[in-house]
Student: 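Before I ask anything, here is the structure I am working with.
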Amino acid sequence: MEPTETPTSRLPAFIREAVAEDLKNGRYTYVRTRLPPEPNGYLHIGHVKAFLIDYFTAKEFGGELYLRFDDTNPSKEGTEYVEAIEDDASWLGIKWAKVTFASDYFDLLYDWAVRLVKMGLAYVDDQTQEEMSASRGTLPKGTKWSETESALKPGTDSPYRNRPVEESLDLLERMKNGEFAEGSRVLRAKIDMANPNILLRDPVMYRIMHVHHHRTGDKWHIYPMYDWSHGQNDSMEGVTHSLCSNEYIIHRPLYEWFLQKLEAFPSRQIEFSRLNLTYAMMSKRKVRKLVETGIVSGWDDPRLTTLRGLRRRGVPAEAIIDFVTGTGETKNDSWVEMAQFDAIIRDTLNKIALRRMAVLKPLKLVIDNYPDDLVEEMDAVNNPEDPSAGTRKVPFSRVVYIEQDDFREVPPPKYFRLFPGNEVRLRYAYLVRCTSVVKDEAGNVVEVHATYDPATKGGDAPDGRKVKSTIHWVSAQHAIKAEVRLYDRLFTVENPDVGDDLQSIINPASLEVVTDAFVEPALDNVKAGEKIQFERTGYFCTDLDSQPGKPVFNRTVGLRDTWAKINNQ
RNA sequence: UGGGGCGUGGUGCAAAGGCAGCACACCAGACUUUGGAUCUGUGGAUCUUGGUUCGAAUCCAGGCGCCCCAGCCA
């Protein structure tokens, strides 16, 4: 029996310790976490870390997880994203106790805001956006922090800051009812315009938006800001631990201020560092631009690190989870190398992918002494890593296709594959020796001739002689034509999130479409999403574009290629 | 002359005052019916200065570096 993995190995130590301590000292008697995606785009690998931490924290402590959509900005959000996010998260294997929405709490949240106004802790401000920005006591955009001493400068109070409570109450009600134009007024918390933490300089709670909401329709004309929603929703739902990325550290004092003033259930915010992956684009805005400008084929383009893209490329959910949890979670800013992700994908696929033979760049090999009309069924292993995957028959005949790369008329040093006079093994078939080549007028090799040793059926020589190389092949008369999409990294730079000229950082070789590959007959009827290893080439996955008799394969990741390294030296 | 966070090989993570270890990457070799997988080995790190201590990556003080914050985004 395999030892089952302890759930503790999936959680960052500092979070586990903090939660355990809260339980031990009675701060909480149970654990509840929440997953707070904004339904304004598709999930990418950067989100997975937060998902997993929330999920495993709840799981490890016998608590529960809520999936709560942060739908506080209807101008950017929509139902299609809600469905896609639920679908992607389910695919990852994440389970939640229930689905909620920030908008479920709009009524209660409004009541809480009224309470704060009545307590003299919030007020309606009539300043323009520019006035507010100027009075915050900071410098215009573009100024470097270090270039100024004015960052010290406290903000100045709004002229509306001390208006009567009754007046604020009336204006807030009318804001809610849609009586005022967008941008004309906001509700602000009354905290401290001189606070060194800018978020505490009377933050905006509600802004006016005459926008249709995908769940509440036209009921509301004001919508809450993140800071005046997230913590309150956590509290309303009885969330104990609100886990988020480091960028929210400076929001924590505000998070706590609201809950203390309202004497509400004291949810606790704990932060961790977000996942940065080299060569991956994490900015939703920029990914959207890639999709909209047609640089990629859609949100599920296999070159994207969206969950949908990874899924279509053939990356198993298990590999994503192992990768993200395996990178370890700390508060350190970090950049994980894409190579590490590739290694885990290979590792996962190595155990489960069925082996098949496929020739991507075909070269005809004629075995002159093999009978013209003979076809033999060769026994081939489906997965050497997993005997239970069984074997299959592969037809062999006089003319086969081999990879162009597996033949050189003039072999470079350390090249062990086919060249005139050399003997190699055709995998699971025979030892063959190259006898001659046929060239076209331009001098290109278009056909290779060889002879086979009938005593070596299956690949072993009775006299015990060894060959240095085994190459794969597909019988020409049995071959199935296939399209193969060779994906490579989308960007030429490690951090594609900086800069705005997308076109200049796109890897022109990120997709090579091979339309006339040949694959063995066993690949005729594979269902979409099937994980296959093309022997000696890489891991592939059948694409949803596959048609009967015309399969399409995506390269998930190449095999580790020692020859490529030798070749480069 | 603002506030906050973070500093361990190339990258990511361990080591909770006691031999600085693991994975990926890199290099060398063994084995191999995938130049895959597997196995073995090499090289390489505690930001810095001082202090406490028999002993410091770990504790203390100063310095340095990187990151986040001035949306009516989340």
Side-chain angles (χ1 to χ4, degrees), chain A residues 12-13 36-38 40 70 72-73 75-77 125 128-129 132-133 136-141 143 145-146 148-155 182-188 195-201 204-209 222-223 225-227 229-230 244-253 271 273 278 284 326-344 346-347 350-351 355 357 380-381 384-385 414-417 425-429 431 458-460 466-472 533-538 558-567:
Chain A
E38 184 188 11
N40 70 344
D70 230 334
T72 56
N73 187 351
S75 64
K76 301 194 297 185
E77 298 155 1
D125 194 342
T128 64
Q129 213 169 138
M132 266 184 62
S133 180
R136 209 170 342 246
T138 56
L139 292 179
K141 278 189 177 172
T143 307
W145 296 100
S146 56
T148 176
E149 57 207 74
S150 311
L152 259 182
K153 197 168 69 181
E182 287 190 11
S184 61
R185 289 183 170 83
V186 292
L187 182 73
R188 298 177 78 176
N195 199 291
N197 181 343
I198 282 160
L199 286 161
L200 262 17
R201 317 248 262 225
V204 172
M205 295 166 63
Y206 280 112
R207 77 284 213 187
I208 298 170
M209 294 178 86
I222 55 173
Y223 291 95
M225 299 289 289
Y226 167 86
D227 285 308
S229 172
H230 200 98
C244 60
S245 54
N246 283 342
E247 55 187 304
Y248 292 98
I249 288 175
I250 54 165
H251 292 251
R252 195 183 336 124
E271 311 85 8
S273 66
T278 60
K284 270 187 201 172
T327 57
E329 290 117 345
T330 62
K331 288 178 89 79
N332 301 355
D333 293 342
S334 61
W335 278 92
V336 183
E337 290 173 342
M338 186 66 92
Q340 182 132 9
F341 189 30
D342 290 340
I344 289 184
R346 286 192 194 100
D347 225 45
N350 180 43
K351 292 177 229 152
R355 270 57 169 179
M357 292 196 283
V381 173
E385 305 290 322
K414 293 187 182 170
Y415 187 88
F416 306 132
R417 288 120 96 163
R425 173 167 34 237
L426 293 180
R427 179 143 231 227
Y428 299 126
L431 299 189
D460 283 313
K466 301 284 185 195
V467 291
K468 289 279 268 184
S469 180
T470 300
I471 66 175
H472 60 274
Q533 184 198 98
F534 289 170
E535 293 218 24
R536 302 207 305 131
T537 304
L559 247 31
R560 244 185 89 228
D561 188 353
T562 310
W563 167 249
K565 210 177 292 173
I566 295 169
N567 211 15

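Proteins get letters first, then strands, A, B, ... in listed order; numbering begins at 1 in each.
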Student: Among residues at least two apart in sequence or on other chains, which ones pass side-chain contact (heavy atoms from CB on, under 4.5 Å) with D561(A)?
Tutor: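 Counting only residues at least two positions away or on another chain, D561(A) forms a side-chain contact (heavy atoms from CB on, under 4.5 Å) with W563(A), A564(A).
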
Student: Let me know, please, whether N197(A) or R207(A) comes out on the 5' side of the other along RNA chain B by nearest nucleotide.
Tutor: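 Of the two residues, N197(A) wins.
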
Student: Given side chains that start at C-beta, do those of Y428(A) and V381(A) come closer than 4.5 Å, heavy atoms only?
Tutor: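 Yes. Closest side-chain heavy atoms under 4.5 Å.
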
Student: Ignoring hydrogens and angles, does a donor from either the side chain of E271(A) or the base of rG4(B) sit under 3.5 Å from an acceptor on the other?
Tutor: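 Checked by distance alone, the answer is no.
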
Student: Under a 4.5 Å cut-off applied to non-hydrogen side-chain atoms, are D70(A) and H230(A) in contact?
Tutor: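 Yes - at least one pair of side-chain heavy atoms lies under 4.5 Å apart.
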
Student: How about K351(A): does its NZ atom have over 12 heavy atoms from other parts shown lying under 6.0 Å from it?
Tutor: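 Counting other residues, nucleotides and ligands, NZ of K351(A) exceeds 12 neighbours.
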
Student: Could you check which of rG36(B), rC69(B), rG71(B) has an atom nearest any side-chain atom of S133(A)?
Tutor: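 From the listed options, rG71(B) comes nearest.
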
Student: rC72(B), rG35(B), rG36(B): which one has an atom nearest the side-chain heavy atoms of I566(A)?
Tutor: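 Nearest to the side-chain atoms of I566(A), counting from C-beta on, is rG35(B).
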
Student: Counting only side-chain heavy atoms from C-beta out, which of rG71(B), rG5(B), rG35(B) sits nearest to D333(A)?
Tutor: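 Among the listed nucleotides, the one closest to the side chain of D333(A) is rG5(B).
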
Student: Among rG71(B), rG5(B), rU38(B), which nucleotide has an atom closest to any side-chain atom of M225(A)?
Tutor: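 Between rG71(B), rG5(B), rU38(B), the one nearest the side chain of M225(A) would be rG71(B).
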
Student: Looking only at atom P, what distance separates rG55(B) and rU42(B), rounded to whole Å?
Tutor: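 Their P atoms lie roughly 32 Å apart.
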
Student: Of all the choices, rG5(B), rA74(B), rC72(B), which nucleotide is nearest to the side chain of V186(A) once you look at every atom?
Tutor: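 Closest nucleotide to the V186(A) side chain: rC72(B).
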
Student: Expressed in whole Å, how much space separates the C1' atoms belonging to rC59(B) and rA16(B)?
Tutor: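 These two C1' atoms come out 12 Å apart once rounded.
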
Student: Measuring only between side-chain heavy atoms, which start at C-beta, is H251(A) closer than 4.5 Å to D227(A)?
Tutor: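 In short, these two side chains touch, coming nearer than 4.5 Å.
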
Student: For Y206(A) and for F534(A), find the nucleotide of RNA chain B with the closest heavy atom, then tell me which residue's nucleotide is more 5'.
Tutor: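 It is F534(A), whose closest nucleotide lies nearer the 5' terminus.
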
Student: Of the candidate nucleotides rG3(B), rC13(B), rG36(B), which contains the atom at the shortest distance from the side chain of L559(A)?
Tutor: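 It is rG36(B).
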
Student: Side-chain contact test, heavy atoms from C-beta onward, threshold under 4.5 Å: evaluate it for P253(A) versus N197(A) and give yes or no.
Tutor: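 When only atoms from C-beta onward are counted, N197(A) and P253(A) do touch, with a gap below 4.5 Å.
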
Student: Report each atom pair, protein N/O against N/O of nucleotides 7-9 of chain B, whose distance is under 3.5 angstrom.
Tutor:
from: rG7(B); atom 1: OP1; to: N332(A); atom 2: OD1; distance (Å): 2.9
from: rG7(B); atom 1: O5'; to: N332(A); atom 2: OD1; distance (Å): 3.4

Student: Mind checking side chain to side chain donor-acceptor pair (under 3.5 Å) for S184(A) and listing every partner two or more places apart, or none if nothing turns up?
Tutor: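 By the side chain to side chain donor-acceptor pair (under 3.5 Å) rule, S184(A) matches no residue at all.
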
Student: With rounding to whole Å, what would you report as the distance between rU49(B) and rC31(B) at their P atoms?
Tutor: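 That atom pair is separated by 48 Å.
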
Student: How close or far is atom C1' of rG3(B) from atom CD1 of I250(A), stated in whole angstroms?
Tutor: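 Atom-to-atom, I250(A) to rG3(B), this comes out as 8 Å.
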
Student: Suppose we call a contact any N or O donor and acceptor under 3.5 Å apart; does that hold for the side chain of R417(A) and the base of rG35(B)?
Tutor: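 Donor-acceptor pair under 3.5 Å: yes.
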
Student: What pairs with S469(A) under side-chain contact (heavy atoms from CB on, under 4.5 Å), at least two apart in sequence or on another chain?
Tutor: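 In terms of side-chain contact (heavy atoms from CB on, under 4.5 Å), with neighbours along the sequence ignored, S469(A) is linked to F416(A), R417(A), V424(A), I471(A).
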
Student: May I ask you to test the V467(A)-L431(A) pair for a side-chain heavy-atom distance under 4.5 Å?
Tutor: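 Yes - at least one pair of side-chain heavy atoms lies under 4.5 Å apart.
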
Student: Heavy atoms from C-beta onward define the side chain here; which of rC73(B), rA14(B), rG36(B) lies closest to that of T330(A)?
Tutor: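 Side chain of T330(A) sits closest to rA14(B).
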
Student: Side chains of K284(A) and N40(A): does their closest heavy-atom pair fall under 4.5 Å?
Tutor: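 They are in contact (side-chain heavy atoms under 4.5 Å apart), so the answer is yes.
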
Student: Distance between the P atoms of rC6(B) and rA45(B), in whole angstroms?
Tutor: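 Here rC6(B) and rA45(B) have their P atoms 26 Å from each other.
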
Student: Where the side chain of N73(A) is concerned, which of rC13(B), rU34(B), rC73(B) is the nearest nucleotide?
Tutor: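 Per side-chain heavy atoms of N73(A), the pick is rC73(B).
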
Student: For E271(A), is there an ion pair with R252(A) - N to carboxylate O distance below 4.0 angstrom?
Tutor: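 Judged by the 4.0 Å cut-off on N to carboxylate O distance, R252(A) and E271(A) do form a salt bridge.
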
Student: Counting a pair only when it is Watson-Crick or G-U and both distances are under 3.5 Å, which runs of at least 3 such pairs involve RNA chain B?
Tutor: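 Ordered by first number, the stems with RNA chain B (at least 3 consecutive pairs each) read B:2-7 with B:64-69, B:10-13 with B:21-24, B:27-30 with B:38-41, B:47-51 with B:59-63.
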
Student: N/O contacts under 3.5 Å, protein versus nucleotides 25-29 of chain B?
Tutor:
from: rC27(B); atom 1: OP2; to: K565(A); atom 2: NZ; distance (Å): 3.4

Student: With no hydrogens and no angle check, do the side chains of R427(A) and H472(A) hold a donor and an acceptor under 3.5 Å apart?
Tutor: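 No, H472(A) and R427(A) have no side-chain donor paired with an acceptor closer than 3.5 Å.
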
